[in-house]
2 protein chains.
Amino acid sequence: MASDPDQIPAFSSDDTLLPAIVQSADSGKVLMLAYMNREAYEETLRTGATVFYSRSRNSLWRKGETSGHVQHVRQLLVDCDGDTILVKVDQVGPGACHVGYPTCFYREVTPDGLRVVEEMAYDAKKTYGGE
Amino acid sequence: MASDPDQIPAFSSDDTLLPAIVQSADSGKVLMLAYMNREAYEETLRTGATVFYSRSRNSLWRKGETSGHVQHVRQLLVDCDGDTILVKVDQVGPGACHVGYPTCFYREVTPDGLRVVEEMAYDAKKTYGGE
């Protein structure tokens, strides 16, 4: 696919990864951050459900494919520089985080170390089969 | 500085940049995303005001140094993988975005192109001297 330097978001090449912040449309809670390449971004727009690029698996990652915890896109925004995406979603299921919390940001940094500030929402072992 | 592989957030080296999402503690609005290296992160914790690493200037970026639009840290969280930071802040001044909007995410992606969904909050030219 040809690269359009004026395209926003600014996928300067097919390999470019841009951070995508996922926020609950209803609660305003920031659920997670993942990365999209152009293909993931276009599939997200086309299907209305979030698709990312997994840097560890080097492949598209359709959020919720294993867990059922799909994210339906309510609104998609880009930042001033066109290099960050914000997706407001309806999160299906108990949580966005594969550890079992509603959000991946379940730990606060305090002077005494990390403190868990969220309630466990589901049993990740059952959902992901021992992951 | 020695690298601690178990440290969270996971600055695997002094050059590692991690994305930091900045969210208004009061409104829940996502204001911006920028990057922190270890030095920026530690100064943020120490001073209680956000400090980033500017990838374009290759130097620390003390948010608000020019504009006065400082961000006071209310809570700092890390994600499950320890490689993304979420900072909940009190934003000083009319906006976080250097373009003049309250948030950098002022444009929605629609089938008809980009649509501005925020109100201009201040005159960026006056604040940044013609930037």
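Computed from heavy atoms alone, side chains included, the values below leave out hydrogens, waters and symmetry copies. Keep in mind the model is a prediction, meaning the values are calculated, not measured. Chain A is the first sequence line, chain B the second, and so forth, proteins listed ahead of strands; every chain is numbered from 1.
Panel note: side chain A:Asp79, backbone A:Thr84; a donor-acceptor pair is recorded below 3.5 Å. In this structure a side-chain-to-backbone donor-acceptor pair under 3.5 Å is present from B:Gln23 to A:Gly28. Distance alone, capped at 3.5 Å, is enough to place a donor-acceptor pair between the A:Thr103 side chain and the A:Leu31 backbone. Checked by atom type and distance alone, the side chain of A:Asp123 never pairs as donor or acceptor with a backbone atom of A:Thr127 at under 3.5 Å. In this structure, A:Ser27 contributes its side chain and A:Ser24 its backbone to no donor-acceptor pair below 3.5 Å.
At a heavy-atom separation below 4.5 angstrom, chain B is approached by A:Arg55 within residues 52-72 of chain A. By a heavy-atom distance cut of under 4.5 Å, A:Phe105, A:Tyr106, A:Arg107, A:Glu108, A:Val109, A:Leu114, A:Val117 are the residues of residues 105-118 of chain A near chain B, going up by number.
Proximity to chain B is limited to the side chain of A:Val99, based on heavy atoms less than 4.5 angstrom apart. For chain B, the nearby part of A:Ile85 is the backbone; its heavy atoms alone come within less than 4.5 Å. With a threshold of 4.5 angstrom between heavy atoms, B:Leu86 approaches chain A through its backbone and through its side chain.
Note: B:Val78 leads B:Leu33, B:Leu76, B:Val78 in heavy-atom pairs under 4.5 Å with chain A.
Looking at residues two or more places apart in sequence or on another chain, you find a salt bridge (charged side-chain N to carboxylate O under 4.0 Å, His left out) between B:Asp26 and B:Arg74.
The shortest side-chain heavy-atom distance between A:Thr16 and A:Arg38 does not fall under the 4.5 Å cut-off. Two residues are said to be in side-chain contact when any heavy atoms from C-beta on lie closer than 4.5 Å; A:Tyr41 and A:Val51 fail this criterion.
Residue pairs satisfying the ring pair (Phe, Tyr, Trp, His ring centres under 6.0 Å) criterion with at least one member in residues 14-34 of chain A, sequence neighbours excluded, are absent.
Minimum interatomic distance between A:Asp90 and A:Ala25 (heavy atoms only, all atoms of both residues): OD1-CB, 4.2 Å.
Note: the hydrophobic cluster containing B:Met36 does not contain A:Tyr35 (ILVMFWY, side chain heavy atoms under 4.5 Å, direct or indirect links).
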